[in-house]
Amino acid sequence: METDSVRLESSVWLGNKRHRALLSGWRFSWTELDKKNRDKTTISVPISEVLAVEEGQVEIQPQKKVNDTDRDFTLFYVKRSNASGGKGPLWSLGRSQFSCPSRDLRDQWVTQLRIAFKTHCPSRPHRLLVFINPYGGKKKAKQIYHSSVAPLFELAGISSHVVVTERANQARDHILKKDLTGFDGVICVGGDGMFSELLHGVIGRTQQEAGVSEHDPSVMLQPCDLHIGIIPAGSTDCVCFATVGVNDPVTSALHIIIGDSQPLDVCSVHHHSTLVRYSVSLVGYGFYGDVLAESERHRWMGPLRYDYSGCLVYLCNRSYQGIVQYLPADSQITSPRDNSRCLSGCKVCSESTERLFPRSESCSSLYSRQLSQYSIESEGEWLSVEGRFRCVSLTCMSSSCPRSPKGLSPSAHLADGTGDLILVRNTHPLGFLTYLHRHTTTQDQFDLPFVEVHRVKAVRFSFSPGEEEDNEESQNITAGSLGDPEMAREGDIESGRLGSQQYLTGNQRDQGMKEEGRKKRDYLCGLCSSKQSAASVWNCDGEILPYNEILCRVHGQLVRLFARGIEEDAGFRKYREGNRNCKGRCFLHN
Ligand SMILES: CCCCCCCCCCCCC/C=C/[C@@H](O)[C@H](COP(=O)(O)O)NC(=O)CCCCC
Ligand SMILES: Nc1ncnc2c1ncn2[C@@H]1O[C@H](COP(=O)(O)OP(=O)(O)O)[C@@H](O)[C@H]1O
Ligand SMILES: [Ca+2]
């Protein structure tokens with residue numbers, strides 16, 4: 001329940017200008033007064049966006065410096081950048097130094113402001129577990145964290161335990177196995193692959209603790225309380241961009257500090273009744289799978305590897321035969337072509353919370369929700385599409401990123417419990433180029449005769465193995481029914497990005513890894529030179545999955561991020577669109 005807000009009002013000085021400062025209604029504002037005591041400009045900051053109040057004149061960059069005069073205090077708060085001419089999603093640290101008429105009044109201001117943000121913002125994190133991937137993106141994650149993020153955490157009184165990873169999956173395993181008592185959130189400094197490690201750790205741990213089997217595709221997964229924060233320092237940074245609106249370490253750090261909370265839909269991916277991955281941004285076959293596989297050979301190029309591989313794969317001109325079955329979402333509510341955008345405070349997402357988690361949920365209604373949400377057995381509701389596809393993608397969110405500021409599905413929602421399925425049928429090379437190019441412009445990429453898009457709750461994919469992809473048996477070894485997932489986790493072999501990330505045991509795992517490695521190698525070598533009928537691989541949030549058949553389900557609002565969705569007003573939209581129009585491509589704040 002909301003407690004009464006604190007109130008204080010007095011005259012203060014900012015530099016040599018007199019102001020009236022007012023703390024009231026959970027806002028702190030200061031108004032410049034002219035010589036005749038008339039109001040000039042007012043700046044108003046919600047208490048929820050105040051980071052810290054310090055006695056004296058304080059600076060934190062490059063180092064904390066305090067000039068302790070006994071009538072001064074410094075306020076640190078979230079400042080919307082107006083570099084774009086409007087209130088875009090880019091935030092910076094605001095700092096204002098106030099001088100009070102007396103020390104007593106200064107002490108009152110400091111006390112009251114601190115009381116205000118402590119009582120009004122109880123969900124701010126106090127202790128964070130931070131994972132830094134020193135090899136992600138342009139290999140600048142450590143520098144980004146220590147120079148731009150750590151000083152802000154310190155200023156806000158957040159203590160952090162930092163782990164610089166030494167191998168792939170270290171962050172995931174840490175979250176799965178180590179004592180996390182006292183941590184209010186886990187943070188990754190890296191790209192989408194690093195985020196994915198945290199996602200798997202947090203979901204896996206929550207299910208372990210709740211006694212839920214992740215391998216059962218019809219199970220109702222337990223929503224996760226531990227928040228995930230992302231400091232972007234990777235190559236695509238799609239999850240950060242799509243949930244914050246910009247890839248900027250300071251903006252993300254500020255969202256973390258003020259304890260923002262954004263629920264996120266997650267898609268589970270099963271192969272033959274075994275959970276193989278979770279995904280939030282992309283489960284893609286064909287073009288996106290081929291680009292990812294090709295890009296792994298050029299990792300030394302850093303983020304540019306995707307552009308280079310994208311061109312190569314485009315020139316290969318490949319398509320794949322398959323069957324896609326999907327369970328449509330309720331088309332009465334929203335549609336992927338309704339031209340809406342999921343922005344901060346999205347009504348569709350907040351109304352979905354009620355639908356996904358009814359308030360009067362008893363044990364029995366929880367059970368009935370499980371059955372109704374996952375009535376996979378009601379075969380009549382599934383629709384089927386067969387054909388030859390350039391690419392097939394499923395995304396739980398818009399998947400916007402600097403390469404594509406409106407994303408794979410611009411009207412998708414972050415937390416509505418649905419995903420968008422995009423089917424791009426085989427077409428001539430120029431047609432496909434038009435489709436790809438439209439991701440970077442304001443033109444509608446779905447308004448093409450060979451593209452269809454559906455809002456879905458679940459999808460089954462089955463691609464026909466081609467001549468090179470004839471070993472169904474090896475897939476059973478790699479990811480068949482593998483028994484106790486807990487046992488498997490214990491002995492999980494460390495692997496690079498191309499290695500197995502499944503929870504396998506003993507010989508099965510070794511054999512499976514060899515097979516999987518062989519398939520990936522064959523795939524990479526065969527790109528372009530192989531026949532049209534060869535299989536692609538799945539791109540699952542940047543991880544390669546070499547299966548022909550998978551089952552995907554969307555789990556509404558399964559995890560929570562320290563974010564609030566994209567804040568965008570008309571001014572920023574104009575700036576963004578202007579940027580795009582002038583160059584055709586729009587790379588924002590990367
Ligand atoms: C002619 C211009 C073509 C431009 C096409 C642009 C389409 C961009 C859509 C991007 C969707 C991104 C979905 C997110 C995927 C990431 O999870 C994954 C891994 O990221 P990271 O760990 O940071 O490396 N990134 C990719 O798979 C890159 C796909 C790039 C495709 C060109
Ligand atoms: N110390 C490490 N050495 C090797 N790989 C790592 C390490 N730490 C994390 N990884 C793996 O690196 C992959 C890519 O990391 P990411 O931060 O997403 O960078 P990028 O966006 O450039 O792909 C992730 O899948 C992660 O599992
Ligand atoms: Ca969604």
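Model, not experiment: these values are computed from the prediction. Just so you know, ligand 1 is whichever comes first in the structure, and atom 1 is the first atom listed for that ligand.
- The shortest N/O to N/O separation between T236 and ligand 1 falls below 3.5 Å.
- In terms of N/O distances under 3.5 Å, ligand 2 is not approached by T236.
- If you number the atoms of ligand 1 from 1 as listed, the ones under 4.0 Å from a heavy atom of R305 come out as 24 (O).
- Counting non-hydrogen atoms of neighbouring residues, nucleotides and ligands closer than 6.0 angstrom, the CG atom of D225 reaches no more than 12 such neighbours.
- Exactly one of H454, K457, E381 qualifies for a side-chain hydrogen bond (donor to acceptor under 3.5 Å, both in side chains) with Y326. That residue is H454.
- Using a 4.0 Å cut-off between charged nitrogen and carboxylate oxygen, R355 and D416 do not count as a salt-bridge pair.
- At a heavy-atom cutoff of 4.0 Å, ligand 1 is contacted by both the backbone and the side chain of S235.
- Within ligand 2, the atoms closer than 4.0 Å to a non-hydrogen atom of D192 are 18 (O), numbered from 1 in the order shown.
- Considering D265, D330, D420 in turn, D420 is the only one that fulfils the salt bridge (charged side-chain N to carboxylate O under 4.0 Å, His left out) rule with R455.
- Summarising the contacts of atom 7 (C) of ligand 2 with I132, V239, N169, N133, the nearest heavy atom is found in N133.
- The shortest N or O to N or O distance between S399 and ligand 1 is not under 3.5 Å.
- At a 3.5 angstrom cut-off on N or O pairs, G136 does not count as close to ligand 2.
- The distance from ligand 2 to the heavy atoms of T165 drops below 4.0 Å at these ligand atoms: 1 (N), 2 (C), 7 (C), 8 (N), 9 (C).
- Just one residue in the list F389, W538, Y285 forms a ring pair (Phe, Tyr, Trp, His ring centres under 6.0 Å) with F461, and that residue is W538.
- Counting heavy atoms under 4.0 Å from ligand 1, residue R299 does not touch it at all.
- Counting all heavy atoms, side chain and backbone alike, R403 lies closest to T440 at O-CG2, 3.4 Å.
- At a heavy-atom distance under 4.0 Å, only side-chain atoms of R305, from C-beta outward, approach ligand 2.
- When each atom of ligand 2 is checked for a heavy atom of G190 under 4.0 Å away, the hits are 17 (O).
- Shown in contact with D541 at under 4.0 Å from a heavy atom are these atoms of ligand 1, numbered in order with element: 17 (O).
- Among protein atoms, those of element N, O or S found less than 3.0 Å away from the Ca ion (ligand 3) are D265 OD2, C396 O, H413 O, D416 OD1, T418 O.
- Those atoms of ligand 1 that come under 4.0 Å of a heavy atom in S281, given as number and element, are 14 (C), 17 (O).
- In this pair, Y145 and F153 present their aromatic rings perpendicular. The plane angle is above 60°, beyond the 30 to 60° band.
- The heavy atom nearest to atom 6 (C) of ligand 2, out of those in G234, G193, A168, is found in A168.
- Taking only non-hydrogen atoms, the option from A171, G191, C188, A141 nearest to atom 16 (P) of ligand 2 is G191.
- Near D237, meaning under 4.0 Å from one of its heavy atoms, ligand 1 places the atoms 23 (O).
- Looking at H439 next to ligand 1, no N or O pair under 3.5 Å apart turns up.
- Residue contacts with ligand 2 for D237 are absent, since no atom lies close enough (heavy atoms, distance under 4.0 Å).
- At a heavy-atom distance under 4.0 Å, no atom of Q170 approaches ligand 2.
- Heavy-atom minimum distance, F195 versus C188: CA-SG, 3.7 Å.
- The line from OG of S309 to CD of E296 is 9.0 Å long, rounded to the nearest 0.5 Å.
- Of the possible polar contacts, one joining the Q445 side chain to the G407 backbone as a donor-acceptor pair under 3.5 Å is found.
- Residue contacts with ligand 2 for H200 are absent, since no atom lies close enough (heavy atoms, distance under 4.0 Å).
- Here is the list of ligand 2 atoms found below 4.0 Å of a heavy atom in E166: 1 (N), 2 (C).
- Near G193, meaning under 4.0 Å from any of its heavy atoms, are these atoms of ligand 1: 22 (O).
- Checked by distance only, ligand 2 and P134 stay at 3.5 Å or farther apart across all their nitrogen or oxygen atoms.
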